[in-house]
Amino acid sequence: MGGEPPFKIGCHTFRHSFTVHLILHGRPLKFVSQLLGHRSVESTEVYTNVLTFDGAYCLEGVDFH
């Protein structure tokens with residue numbers, strides 16, 4: 001209990017988590033890209049590559065409502 005987390009957590013950790021959350025819930029990449037302030041949708045597409053890495057394993061047992 002307590003102690004330091006096993007990895008460094010910063011403001012970008014929350015930004016990435018929010019982005020993945022939006023994409024997993026079906027928000028269009030163009031919309032997410034605008035929210036993040038990206039100049040192009042290609043910058044946002046990087047998140048879809050992360051999600052395809054092992055998405056099924058990460059979402060095992062998760063129930064979205």
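Quick caveat, the model's predicted, so the values are computed rather than measured. In this chain, residues are counted from 1 in sequence order.
Nearest heavy-atom pair across Ser40 and Ser33 is O-OG, 3.4 Å. Of all non-hydrogen atoms in Thr13 and Ile9, the two that sit nearest each other are OG1-CA, 3.6 Å. Between Lys30 and Val41, the closest heavy-atom pair is CA-CG2, 4.1 Å.
Between Tyr47 and His16, the two ring planes are tilted [angle within 30° to 60°].
Atom CG of residue Leu29 and atom CG of residue Leu36 lie 10.0 Å apart, to the nearest 0.5 angstrom. The distance from the OG1 atom of Thr19 to the NE2 atom of His38 is 7.0 Å, given to the nearest 0.5 Å.
His25 places a side-chain N or O within donor-acceptor distance of the main-chain N or O of His21, the cut-off being under 3.5 Å.
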